[in-house]
Amino acid sequence: MSIPFHDVPRDLDELRARAAWLAGRSLAELHAALAPRAEAPMRQRKGKTGQLIERALGASAGSLDAPDFVELGVELKTIPIDARGLPRESTFVCTLPLAEVDHAEWRTSRVRRKLAHVLFVPIIGERAGELHSHVGTPVFWQPSAEQESILRGDFDDLLEVIALGRIEALTARLGRWLQVRPKAAHGRVRTRAYGPDDEPIETIPRGFYLRARFTGALLQDPTSVP
DNA sequence: AGCTGATCATAT
DNA sequence: ATATGATCAGCT
């Protein structure tokens, strides 16, 4: 088996065709086709599966702050699912602009830009990145007006807490589809934020995540409103 | 069993 | 240090 394409997809149809081609492939065969000289690890580690699928589809953005398929404006997300088709994990969206919440608004937010057009590639398996895991049915998603209004509501609720200087009181329980959770290499990492009296404070960096309940519904029906 | 808070890996 | 890619593991 070899990958029948090598460059960036030219248009959405080409990306659609590549995504459909991926369905049913195991991580082992993709790994073998893309890294023939690398010794096959027992299993992939954190983040490896996403990078493997990026390469398999010809994503171009690297670690730039841009959609994976820059020309197409499409963001790629691999999502681990179980045999029932339910996500095992939430989906990271982007980091939180803790120091700039004053002038943060939904319309110009990174989270809105990231979620404007997403290609979800489900990975079916027992554990993360196991090489016998295989690709499920890819799903393209663009939020409907109704879905976007719910995301905007979450965003506004979450940002309000931060704008009030209450970041330390912000829990992952807040938000219907979007939530805020720590996003850092380890517990000692700190970033600048502002407290209740606008005083500078140091706190753990946070990120926006999509709840598994929401992405699970999207995989069943991209127009659903769970 | 599902969820939240914590953490791991690579690239720039 | 910050972006990207996420999953781990303890608690409820």
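To find a chain, count down the sequence lines: A is the first, B the second, and so on, and within it residues start at 1.
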Enquirer: So, using side chain to side chain donor-acceptor pair (under 3.5 Å) as the criterion, who are the partners of R16(A) when residues are at least two apart?
Expert: D13(A)
Enquirer: May I have the distance from R88(A) (atom CZ) to dT4(B) (atom C1'), rounded to whole angstrom?
Expert: 18 Å
Enquirer: Between E168(A) and R206(A), does any side-chain N to carboxylate O distance fall below 4.0 Å?
Expert: yes
Enquirer: Can you work out whether I79(A) or T191(A) has the more 5'-proximal nearest nucleotide on DNA chain C?
Expert: T191(A)
Enquirer: CD of E146(A): more than 12 outside heavy atoms within 6.0 angstrom?
Expert: no
Enquirer: Using the side chain to side chain contact (heavy atoms under 4.5 Å, CB included) criterion, which residues pair with R107(A)? Sequence neighbours excluded.
Expert: E105(A), R112(A)
Enquirer: Contact class for G50(A) vs. all strands (heavy atom < 4.0 Å): base, sugar-phosphate, or nothing?
Expert: sugar-phosphate
Enquirer: Would you mind reading off the distance between L210(A) atom CG and dT7(C) atom P, rounded to a whole angstrom?
Expert: 14 Å
Enquirer: Restricting to pairs with a member in residues 70-92 of chain A, which pass ring pair (Phe, Tyr, Trp, His ring centres under 6.0 Å), not counting sequence neighbours?
Expert: F92(A)-Y209(A)
Enquirer: When all nucleic acid strands are considered with a 4.0 Å heavy-atom cut-off, which category describes P80(A): base, sugar-phosphate, or nothing?
Expert: sugar-phosphate
Enquirer: Nearest whole Å is fine: how far is dG5(C) P from L57(A) CG?
Expert: 13 Å
Enquirer: Does K77(A) make a side-chain N or O approach to OP1 or OP2 of dG5(C) shorter than 4.0 Å?
Expert: yes
Enquirer: Using a cut-off of strictly less than 4.0 Å, decide whether T78(A) has a side-chain nitrogen or oxygen near OP1 or OP2 of dA6(C).
Expert: yes
Enquirer: When the nearest nucleotide of DNA chain B is assigned to A184(A) and to Q179(A) on a heavy-atom basis, which residue is associated with the more 5' position?
Expert: Q179(A)
Enquirer: OP1 or OP2 of dA3(C) less than 4.0 angstrom from a side-chain nitrogen or oxygen of T95(A), does that happen here?
Expert: yes
Enquirer: Both R188(A) and L86(A) contact DNA chain B. Taking the nearest nucleotide for each, which residue is further toward the 5' end?
Expert: L86(A)
Enquirer: Between dG5(B), dT10(B), dG5(C), which nucleotide has the shortest distance from any of its atoms to the side chain of K48(A)?
Expert: dT10(B)
Enquirer: What is the separation between atom NE2 on H186(A) and atom P on dG5(B), rounded to the nearest whole Å?
Expert: 20 Å
Enquirer: Can you figure out which of dA6(C), dG5(B), dT7(C) approaches the side chain of A128(A) most closely?
Expert: dT7(C)
Enquirer: Does any N or O in the side chain of R25(A) come within less than 3.5 Å of the main-chain N or O of W21(A), such that one atom is a donor and the other an acceptor?
Expert: yes
Enquirer: Any side-chain N or O of R211(A) below 4.0 angstrom from OP1/OP2 of dG2(B)?
Expert: no
Enquirer: Between the main-chain N or O of D157(A) and the side-chain N or O of E160(A), is there a donor-acceptor pair closer than 3.5 Å?
Expert: no
Enquirer: If only atom types and distance count, is the side chain of D68(A) paired as donor or acceptor with the main-chain N or O of A59(A) below 3.5 Å?
Expert: no
Enquirer: Would you list the atom pairs, donor with acceptor, under 3.5 Å between side chains in residues 133-142 of chain A and any protein atom, with sequence neighbours excluded?
Expert:
from, atom 1, to, atom 2, distance (Å)
S133(A), OG, E130(A), O, 2.9
W141(A), NE1, Q147(A), OE1, 3.0
W141(A), NE1, P222(A), O, 3.4

Enquirer: Please list, in numerical order, the residues of residues 109-117 of chain A that have a heavy atom closer than 4.0 Å to any atom of DNA chain C.
Expert: R110(A), K114(A)
Enquirer: Nearest whole Å is fine: how far is dT10(B) C1' from K46(A) NZ?
Expert: 14 Å
Enquirer: Report all interatomic pairs (protein N or O, nucleotide N or O of nucleotides 9-12 of chain C) with separations under 3.5 Å.
Expert:
none

Enquirer: Strictly below 4.0 Å, N to O, side chains only: are R152(A) and E148(A) in salt-bridge contact?
Expert: no
Enquirer: Using atom CZ of F120(A) as one end and atom C1' of dG5(C) as the other, report the distance to the nearest whole Å.
Expert: 15 Å
Enquirer: Want to settle it: does Y209(A) or V189(A) sit nearer the 5' end of DNA chain C, counting the closest nucleotide to each?
Expert: V189(A)
Enquirer: Starting from P on dA6(C), measure out to NZ on K183(A) and report it in whole angstrom.
Expert: 9 Å
Enquirer: Round to the nearest Å and state the distance from F208(A) atom CZ to dA3(C) atom C1'.
Expert: 16 Å
